[in-house]
Every structure is written in structure tokens, then in C-alpha cells.
Amino acid sequence: MKKAIALLVCMVAFTATSAFAAESIVGTWDVQQIEMYLDGKKVENPKAVDGYIEITSQDGPLFSGTKHWIRGGKKYSEALSGSITDDNEIIMQEHVDGEAEGSLLPGDMMVLFYTEGPPKPRVHKTILKRR
């Protein structure tokens, strides 16, 4: 009986691990909506809606890619790395300054809460959809 229970527990754990490992977020994620505070003031109609994130590589829960945005007619890019937690939460670190945490949502969507410190402290809530 103990062996049967142990076998059942191992099978459930293996199935859960396999399902988690199969979750892929590789692709291009377009900004759908963004709310932003910059220097403690709400930014009305932020222009970062032209932005997107490309996740180009994923190994299990770990991933890397590039964030792209347009400001003042000029395109900017910044490399990033991140991980998906066991609860489908996302943790992301840009290679220069900011970081984000968020969640995978149904319908190929994600929400990210981004923070960046001085000299231009900011916080964003961004909703993205995979192309």
C-alpha cells in the first residue's frame, strides 16, 4: 500500500513538473495598455504603448529577450532576463536598470508591474498580448 501511494505521488509530481516545464512564453508581446507614474506624478497617455517585448530564448522557467520602445521618434532596446515561478508569476530584470514582476493571464496575455529607481523613479502597470 505504501509503495502504491509513493508511486502515485511520484506520478503526480512528474506530471505537474512536466506541465510546468512545457509552458512557453517565447514570442513577441505587444503593449496593450500602460498606466505610469513618473517622479510621483501620473503620466496621461504614456507614449510607451508603442513598445513590445521579444522573448527569444527559454530554458525551462528561465528566459531572455529584449524590451523595445519608441520615445521622441527614436527606437530604444534593452536586454532582459527572467523566470516563471511555479505559480505562473513572472520575475524579470532588465540588464541596465529596471525590474518587473507580474502574471501570465489567459488568452496569451500577461500583466507586468515595472519599477525603476532614481534619477527618474517610475512605476508602470503594463498589459501585454502575444502576437
Side-chain angles (χ1 to χ4, degrees):
M1 180 70 162
K2 288 182 183 179
K3 287 182 183 181
I5 291 173
L7 180 60
L8 180 61
V9 169
C10 288
M11 288 173 54
V12 169
F14 176 75
T15 302
T17 302
S18 297
F20 176 71
E23 179 75 24
S24 174
I25 63 168
V26 171
T28 302
W29 296 79
D30 294 314
V31 172
Q32 302 295 299
Q33 178 183 355
I34 187 167
E35 297 175 44
M36 179 188 305
Y37 271 78
L38 178 63
D39 289 330
K41 298 179 183 113
K42 184 169 184 169
V43 176
E44 298 297 332
N45 304 312
K47 294 178 175 46
V49 175
D50 293 332
Y52 60 97
I53 294 174
E54 288 181 300
I55 305 296
T56 54
S57 175
Q58 184 173 349
D59 184 9
L62 304 176
F63 62 88
S64 63
T66 308
K67 179 177 94 172
H68 304 276
W69 70 100
I70 298 171
R71 183 175 54 223
K74 184 176 177 186
K75 185 176 179 180
Y76 296 88
S77 299
E78 187 171 351
L80 58 85
S81 298
S83 182
I84 304 169
T85 70
D86 294 341
D87 296 330
N88 274 342
E89 299 293 314
I90 297 171
I91 301 168
M92 190 181 302
Q93 177 68 53
E94 293 177 351
H95 293 184
V96 176
D97 48 21
E99 58 186 56
E101 294 184 29
S103 302
L104 292 173
L105 303 173
D108 271 345
M109 305 275 292
M110 77 168 76
V111 60
L112 294 176
F113 298 91
Y114 173 85
T115 59
E116 189 174 311
K120 285 282 194 186
R122 65 187 70 215
V123 62
H124 310 175
K125 176 187 177 188
T126 307
I127 298 174
L128 300 105
K129 181 170 178 60
R130 187 176 358 205
R131 287 185 193 166

Among residues at least two apart in sequence or on other chains, which ones pass side-chain contact (heavy atoms from CB on, under 4.5 Å) with K74?
Y76
Passes side chain to side chain contact (heavy atoms under 4.5 Å, CB included), I53 versus M110? Steps please.
CA-CA 11 Å; I53 294 174; M110 77 168 76; 5.6 Å; no
Between T66 and S77 the two heavy atoms that sit nearest each other are CG2-CB, 3.8 Å
Linking directly or through intermediates, with side-chain heavy atoms under 4.5 Å: list the remaining ILVMFWY members grouped with V123, chain and number order.
Y37
Over all atoms of both residues, closest heavy-atom pair of E89 and S103:
OE1-OG, 3.0 Å
K120/D39 salt bridge by N-O under 4.0 Å criterion:
yes
Is there a continuous path of hydrophobic side-chain contacts, each under 4.5 Å between heavy atoms, that joins L104 to V31?
yes
Go through H68 and K75 one step at a time and tell me if the side chain to side chain contact (heavy atoms under 4.5 Å, CB included) criterion holds.
CA-CA 7 Å; H68 304 276; K75 185 176 179 180; 3.7 Å; yes
If you round to the nearest 0.5 Å, how far is NZ of K67 from CD1 of I55?
12.0 Å
Intermediate values then yes/no, side chain to side chain contact (heavy atoms under 4.5 Å, CB included), Q58 and I84
CA-CA 10 Å; Q58 184 173 349; I84 304 169; 3.8 Å; yes
Working to the nearest 0.5 Å, report the span between CG of N88 and CD1 of I25.
9.5 Å
Once ring pair (Phe, Tyr, Trp, His ring centres under 6.0 Å) is applied, do any residues pair with F63, and if so which ones, sequence neighbours excluded?
none
With sequence neighbours excluded, tell me which residues meet side-chain contact (heavy atoms from CB on, under 4.5 Å) with I91.
T85
Quick check for you: to the nearest 0.5 Å, what is the distance between M92 atom CE and L112 atom CG?
4.5 Å
Not counting sequence neighbours, list each pair that qualifies as a ring pair (Phe, Tyr, Trp, His ring centres under 6.0 Å) and has a residue in residues 101-121.
Y114-H124
Mind checking the CD1-NZ spacing from I34 to K125? Nearest 0.5 Å is all I need.
11.5 Å
Taken to the nearest 0.5 Å, the spacing of T28 OG1 from K129 NZ works out to 13.5 Å
Closest contact, heavy atoms only, V26 versus S24
N-OG, 3.3 Å
Going by side-chain contact (heavy atoms from CB on, under 4.5 Å), name the residues that satisfy it together with Q93, two or more places apart in sequence or in a different chain.
E99
Please report the interatomic distance CD(E116) to CZ(R122), rounded to the nearest 0.5 Å.
5.0 Å
